[in-house]
Amino acid sequence: MTDAKKDYRDTVFLPQTAFPMQGGLPKKEPELLARWQRMDLHGKLRGQSAGREKFILHDGPPYANGNIHIGHALNKILKDVINRSRQMMGFDAPYVPGWDCHGLPIEWKIEEKYRAEGKDKDGVPILQFRAECRAFAEHWKTVQAEEFQRLGVVGDWAHPYSTMTKAAEAQILREMYKFVDNGLLYKGVKPVMWSVVEKTALAEAEIEYHDHTSTTLWVKFPVVKTACKELEGASVVIWTTTPWTIPANRAIAYGDFAYSVLRVEEVAEGGIAKVGDVLAVAENLQDAFVQEAKIGRVSKLAVLAKDDLGSVVCAHPFRGRAGSDGYFDYDVPLYFGDFVTTDAGTGFVHIAPGHGEDDFNLGRKHKIKFDETVGDDGRYLPNVKGFEGLYVYKPDGKVGEANGAVIKALLDAGALLAKKNIKHSYPHSWRSKAPLIFRTTPQWFIAMDEKIAATGKTLRETALESIGQTGWYPGIGENRIRGMIESRPDWCISRQRAWGVPIALFVDKTTGDVLRDKAVMNRIAAAFDADGADAWYARPAQEFLGNDYRADDFIQVFDIVDVWFESGSTHAFVLESGVWPNLQSPASLYLEGSDQHRGWFHSSLLESCGTRGRAPFDKVLTHGFTLDEQGRKMSKSLGNVTAPQEVNDKWGADILRLWVLSSDYSEDLRIGPEILKQNGDLYRRFRNTLRYLLGALNGMSDAEHVAVADMPELERWVLHRLHEVDASIRADMAAFDFGHMLQTLHNFCNTDLSAFYFDIRKDSLYCDRADSLRRRSARTVMEQIFNHLAVWLAPVLCFTAEEAWLARFGDDENNSVHLQTFPAVPAAWRDDALAHKWAEIRAVRRVVTGALERARNDKKIGAPLQAHPHVYVSDRVIVTLQDVDFAEICVNSSLTLQADPAPENAFSLPDIANVSVVVELAEGRKCERCWQVLPEVGSHKDAPDLCHRCHDAVTHSGQAAA
RNA sequence: GGGCUUGUAGCUCAGCUGGUUAGAGCGCGCGCUUGAUAAGCGUGAGGUCGUAAGUUCAAAUCUUACCAGGCCCA
């Protein structure tokens with residue numbers, strides 16, 4: 001033959017596209033963001049979908065006090081994918097992002113700044129302080145908005161909501177007034193951690209634990225009433241680390257374990273017990289007690305169990321005390337407490353409901369009456385007769401006289417058995433470092449179990465009903481929030497703080513009643529409309545009260561409302577307000593981390609049930625938390641933190657989005673370098689599929705289109721798959737099952753397209769004449785694949801799908817994949833019989849590829865085009881395969897199908913019966929253009945290296961596609 | 001300590017109401033291709049289903065305990 005073979009590369013239609021293989025996302029994504037901004041994508045979306053059925057995902061507001069972390073990214077990405085997919089399913093899905101701006105963490109930041117400047121918060125005018133808090137929140141709101149948008153989140157970023165706007169503050173107040181109107185708001189008391197130095201309550205996070213030396217006491221409480229003979233004339237022994245709480249004692253708690261009744265037979269040196277005393281203590285603490293109390297010898301009279309103690313009533317050790325005017329003459333009953341342990345003490349816990357959490361709860365459970373005993377300055381109040389005015393802690397934080405006075409009184413009463421100093425961990429103020437006390441304070445509550453006049457139901461009942469009417473995703477969320485609502489106490493909505501919305505009420509100084517005058521409340525709310533909540537601090541009380549009342553007769557309430565009440569009211573000042581006319585209430589969906597069963601879902605549910613009688617949402621979806629690759633919590637000290645900003649810069653936001661959707665977000669999600677790399681690989685498959693399609697569609701025009709009926713079976717099978725995939729992923733999107741959707745899409749790209757359809761059609765695409773029916777059919781179908789795939793991927797890979805879309809349709813600024821809806825799939829594409837047939841074809845093909853692999857290992861062949869498989873199958877299968885070009889399907893140059901019995905050495909697969917393959921070399925020479933090995937090559941004098949097809953194609957090259 | 005919850009190949013996930021040798025994709029090894037080429041195709045090796053008991057003819061799937069996580073409380 002000729003020496004120099006002709007190079008036919010230029011006559012082959014190789015894929016051509018400007019869409020690069022490498023994403024370069026960190027650089028590309030900001031460009032696309034700027035483009036969306038320029039073209040006002042969000043505005044176009046809204047305009048385009050006006051009038052459609054609405055889907056309202058109401059944003060739960062993040063707290064504006066720092067950069068976003070990976071958990072924020074997870075949350076916002078998930079919301080964005082849901083919004084985008086609903087939009088593309090044909091809904092109008094407007095999204096208004098929001099921020100939670102009031103609250104303690106921001107106050108702390110400003111206080112911290114003051115401390116650094118040597119200033120004291122209390123010396124700063126409150127309006128100035130609030131202004132600084134506002135500026136701080138505003139700053140972080142701006143930062144977070146940037147960071148969220150970088151993730152590709154589309155929404156009304158120009159008009160977000162926040163809890164600190166005037167309109168929001170005014171509406172929050174109006175929501176509170178609704179609870180005044182419906183009678184659920186009441187004033188009660190609650191024990192809090194109190195600093196007598198700062199005269200303020202402290203939140204959990206403001207408390208530091210340091211060692212502190214406390215005087216501990218063992219004290220007798222004489223039994224005065226009991227059904228248990230063994231306890232007649234005996235005393236119950238309690239142990240306390242806070243002697244000053246003894247005057248506030250109202251009960252004694254016992255546990256579920258054995259108690260001994262002991263008779264003192266002998267007192268050791270220094271002991272103050274008396275011979276003949278009969279004392280009850282927990283059995284396994286009795287030895288320690290006997291030793292501490294310096295009791296020489298005891299005899300055990302009896303052992304009692306939990307049930308023996310239920311009916312016991314003691315007297316307070318100060319009963320009948322001179323100078324107390326009978327103040328202590330009440331009964332001290334015994335109650336079971338599940339918090340009682342035998343770690344230390346006597347197994348009996350003295351209960352002062354005003355001075356401890358467990359104490360308060362037990363008191364509430366048994367409706368124990370009690371007084372406030374200690375004032376905000378740390379002194380006993382006047383009602384504590386005989387002790388009034390004594391300091392528990394002095395204003396300088398030092399121990400006051402109260403302990404000493406109590407100990408002396410106990411000694412006088414003969415009730416003290418022992419005392420001892422111990423060093424233990426004790427709560428202190430983070431500011432003054434002074435020790436704290438538990439103290440009841442007046443607070444505002446929303447009642448859970450009072451009937452609302454309008455409905456005749458309690459808030460708890462209404463909330464529980466609403467839970468049943470809400471769709472919970474995953475379903476287990478319902479159990480969780482139901483349990484919480486069933487068991488929660490009344491909602492304490494007041495805080496003694498500065499940065500928030502004041503509970504703007506007036507309380508009558510003489511009656512203690514809340515002023516419920518509509519005119520006054522309206523004036524206050526109007527002032528909030530005009531000036532925000534600052535009005536409450538800036539304007540004189542008389543201005544609100546008008547001419548009907550005198551400011552001197554009322555106490556103006558300066559407590560602020562719990563921030564959970566604020567965010568629980570977002571449905572009112574965002575969805576219902578009319579400020580965003582796109583929105584409506586109730587929301588279709590609330591979506592947050594599973595911690596919000598206790599937080600935002602919970603407070604929104606209660607707020608809305610109390611004011612509107614139903615939940616503000618139809619569905620609630622929760623996601624898990626982000627952990628590192630080992631499933632551990634992320635922390636700076638472990639060095640396992642993945643920051644979204646870093647992922648954006650290294651991989652791109654599309655990879656982060658892919659990570660969210662490829663994970664099972666209903667559980668906790670893991671993230672780290674390996675998982676990101678994996679998602680990078682996953683991404684490449686999607687990107688390359690789009691890229692191959694773009695390359696294959698180079699120069700495609702409508703003139704090339706082929707009617708479905710005229711297409712080869714392979715193309716019609718692909719259309720069937722499009723139909724199938726479309727149905728599957730629409731169902732997935734509706735059910736928020738994006739993991740399954742992504743898997744379906746990935747398998748489609750991977751298994752159906754890349755490894756099967758594209759692999760087979762490469763030959764036709766590259767080498768057939770441009771006007772051939774086969775090639776035109778392939779391009780017609782590939783156009784459909786592209787149009788579907790790009791749109792299917794758009795909610796998840798919002799940047800890449802757009803990039804591909806523009807590469808195909810031009811970057812006219814009105815153009816965007818995000819303005820598309822999922823294209824309709826003609827029902828005619830579905831062909832179950834064809835699908836069944838092609839499933840069988842692919843099964844036989846697997847045996848062929850297996851045989852080719854063995855031939856390759858035997859060095860018999862290299863590329864599949866060198867091979868000519870002899871395929872031995874049953875008559876039935878021959879019928880299946882006879883009207884398709886099975887050589888083409890297996891990417892071989894030629895192939896023989898035969899129904900003969902297979903030779904001994906034929907290749908077969910265990911799971912595919914009656915199919916065996918023997919691989920031979922294809923006969924003939926390699927066509928230099930299409931690389932098929934065919935006997936005909938050499939028969940054309942003018943082109944001795946070409947097969948018939950290629951000769952024809954080259955001869956008619958003028959008709960080649962561009 | 002309590003409530004809810006999770007634990008299947010290196011990774012991300014399927015495995016419904018218990019029933020043949022536990023699946024997929026990725027990654028990894030090997031081979032092919034060099035006309036999707038920092039790509040494509042084929043193929044192979046990976047799991048005592050957290051551990052231990054129990055129920056059952058039969059358990060990843062049911063029960064109990066334990067271990068290791070997570071969220072929310074205390």
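Below, chain A is the first sequence line, B the second, and so on; all start at residue 1.
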(message) Starting the side chain at C-beta, find the nucleotide from B:rA39, B:rA36, B:rG31 nearest to A:Arg684.
(response) B:rA39
(message) Taking only the C1' atom of each, what is the distance from B:rC26 to B:rA14 in whole angstrom?
(response) 15 Å
(request) Indicate, with yes or no, if the rings of A:Trp931 and A:Tyr766 have centres closer together than 6.0 Å. (result) no
(message) I want to check one thing: is the phosphate of B:rG35, taken as OP1 and OP2, less than 4.0 Å away from some side-chain N or O of A:Tyr8?
(response) no
(request) Look at the side-chain N and O atoms of A:Arg856 and state whether any lies under 4.0 Å from the OP1 or OP2 oxygen of B:rG31. (result) no
(request) For the side chain of A:Gln678, starting at C-beta, report the closest nucleotide among B:rC41, B:rA39, B:rC11. (result) B:rC11
(request) Return no unless some side-chain N or O of A:Lys677 is found under 4.0 Å from OP1 or OP2 of B:rC26. (result) no
(request) Report the base-pairing partner of B:rC49 (Watson-Crick or G-U wobble, both distances below 3.5 angstrom), or none. (result) none
(request) Could you check A:Thr622 against A:Arg480 for side chain to side chain contact (heavy atoms under 4.5 Å, CB included), going step by step and ending with a plain yes or no? (result) CA-CA 11 Å; A:Thr622 51; A:Arg480 201 165 167 184; over 6 Å; no
(request) Report the nucleotide, chosen from B:rG70, B:rA38, B:rG31, that has the shortest atom-to-atom distance to any side-chain atom of A:Leu627. (result) B:rG70
(request) Decide, for B:rG35, between syn and anti: a glycosidic angle within 90° of 0 counts as syn, anything else as anti. (result) anti
(message) Taking the minimum atom-to-atom distance to the side chain of A:Pro15, which one of B:rG31, B:rA14, B:rA36 wins?
(response) B:rA36
(message) Would you call the rings of A:His597 and A:Phe601 parallel, tilted or perpendicular, taking 30° and 60° as the class edges?
(response) perpendicular
(request) Can you tell me the distance, in whole Å, between the CG atom of A:Asp732 and the P atom of B:rC13? (result) 15 Å
(request) For A:Arg761 and B:rG40, give me the distance from atom CZ to atom P, rounded to whole Å. (result) 21 Å
(request) Could you give the distance separating B:rG27 and B:rU20 at their C1' atoms, to the nearest angstrom? (result) 30 Å
(message) Please report the distance separating the P of B:rG7 from the corresponding atom of B:rA45, rounded so that it comes out in whole Å.
(response) 28 Å
(request) Take atom CG of A:Asn857 and atom C1' of B:rC32, then tell me their distance rounded to the nearest Å. (result) 10 Å
(message) Looking at B:rU37, which nucleotide sits across from it as a Watson-Crick or G-U wobble partner, both distances under 3.5 angstrom, or is there none?
(response) none
(request) Mind running side chain to side chain donor-acceptor pair (under 3.5 Å) on A:Ser567 and A:Asp100 for me, showing each step along the way? (result) CA-CA 7 Å; A:Ser567 58; A:Asp100 190 5; 4.8 Å; no
(request) Kindly say if A:Ser754 contacts the phosphate of B:rC41, meaning a side-chain N or O under 4.0 Å from OP1 or OP2. (result) yes
(request) Under a 3.5 Å limit for both distances, which nucleotide forms a Watson-Crick or G-U wobble pair with B:rU56, could you say? (result) none
(request) Counting heavy atoms from C-beta on, name the nucleotide in B:rG10, B:rG42, B:rG69 closest to the side chain of A:Glu674. (result) B:rG10
(message) Tell me which nucleotide, if any, is Watson-Crick or G-U wobble paired with B:rG42 when both distances must be under 3.5 Å.
(response) B:rC30
(message) Any carboxylate oxygen within less than 4.0 angstrom of a Lys/Arg side-chain nitrogen, looking at A:Glu724 and A:Arg721?
(response) yes
(request) Using the C1' atom as the reference point in each nucleotide, state the distance between B:rU37 and B:rU6 in Å, no decimals. (result) 43 Å
(message) If the cut-off is 4.0 Å, is A:Lys762 near the phosphate of B:rA36, judged by side-chain N/O to OP1 or OP2?
(response) yes
(message) With side chain to side chain donor-acceptor pair (under 3.5 Å) as the criterion, how do A:Asp763 and A:Gln932 come out once you've worked through the C-alpha distance, each side chain's angles and the decisive distance to 0.1 Å?
(response) CA-CA 9 Å; A:Asp763 172 77; A:Gln932 295 207 28; 3.2 Å; yes
(message) What's the gap between B:rG25 and B:rA9 when it is taken at their C1' atoms, as a whole Å value?
(response) 13 Å
(request) Could you work out which one of B:rU33, B:rA38, B:rU12 sits closest to the side chain of A:Ala863? (result) B:rU33
(request) Please check the phosphate of B:rG25 (OP1 and OP2 only) for any side-chain N or O of A:Arg685 closer than 4.0 Å. (result) no
(request) Hunt down the Watson-Crick or G-U wobble partner of B:rU12, both distances under 3.5 Å, from any strand shown, or write none. (result) B:rA24
(message) Which is more 5' along RNA chain B, the nucleotide nearest A:Arg846 or the one nearest A:Gln596? Just name the residue.
(response) A:Arg846
(message) Among B:rC13, B:rG35, B:rA36, which nucleotide has an atom closest to any side-chain atom of A:Phe758?
(response) B:rA36
(request) Could you work out the separation of B:rU34 and B:rC41 based on their P atoms and round it to a whole Å? (result) 15 Å
(request) Could you please name the option among B:rU43, B:rA36, B:rC4 that lies closest to any side-chain atom of A:Thr849? (result) B:rU43
(request) Rounded to whole angstrom, note down the C1' distance from B:rU17 over to B:rA59. (result) 14 Å
(request) Specify the residue among A:Leu14 and A:Glu667 whose closest nucleotide of RNA chain B lies further upstream toward the 5′ end. (result) A:Glu667
(request) Assess the pair A:Phe565 and A:Trp491: is the distance between their ring centroids shorter than 6.0 Å? (result) yes
(request) Compare the minimum distances between each of B:rA38, B:rG25, B:rG42 and the side chain of A:Asn750, then state the nucleotide with the smallest one. (result) B:rG25
(message) So if I take every side-chain heavy atom of A:His746 and compare against B:rG42, B:rG40, B:rG25, which nucleotide ends up nearest?
(response) B:rG25
(request) Please say which of A:Arg808, A:Gln16, A:Arg779 ends up in a side-chain hydrogen bond (donor to acceptor under 3.5 Å, both in side chains) with A:Asn698. (result) A:Gln16
(message) Please give the distance between the C1' atoms of B:rC57 and B:rC62 as a whole number of Å.
(response) 16 Å
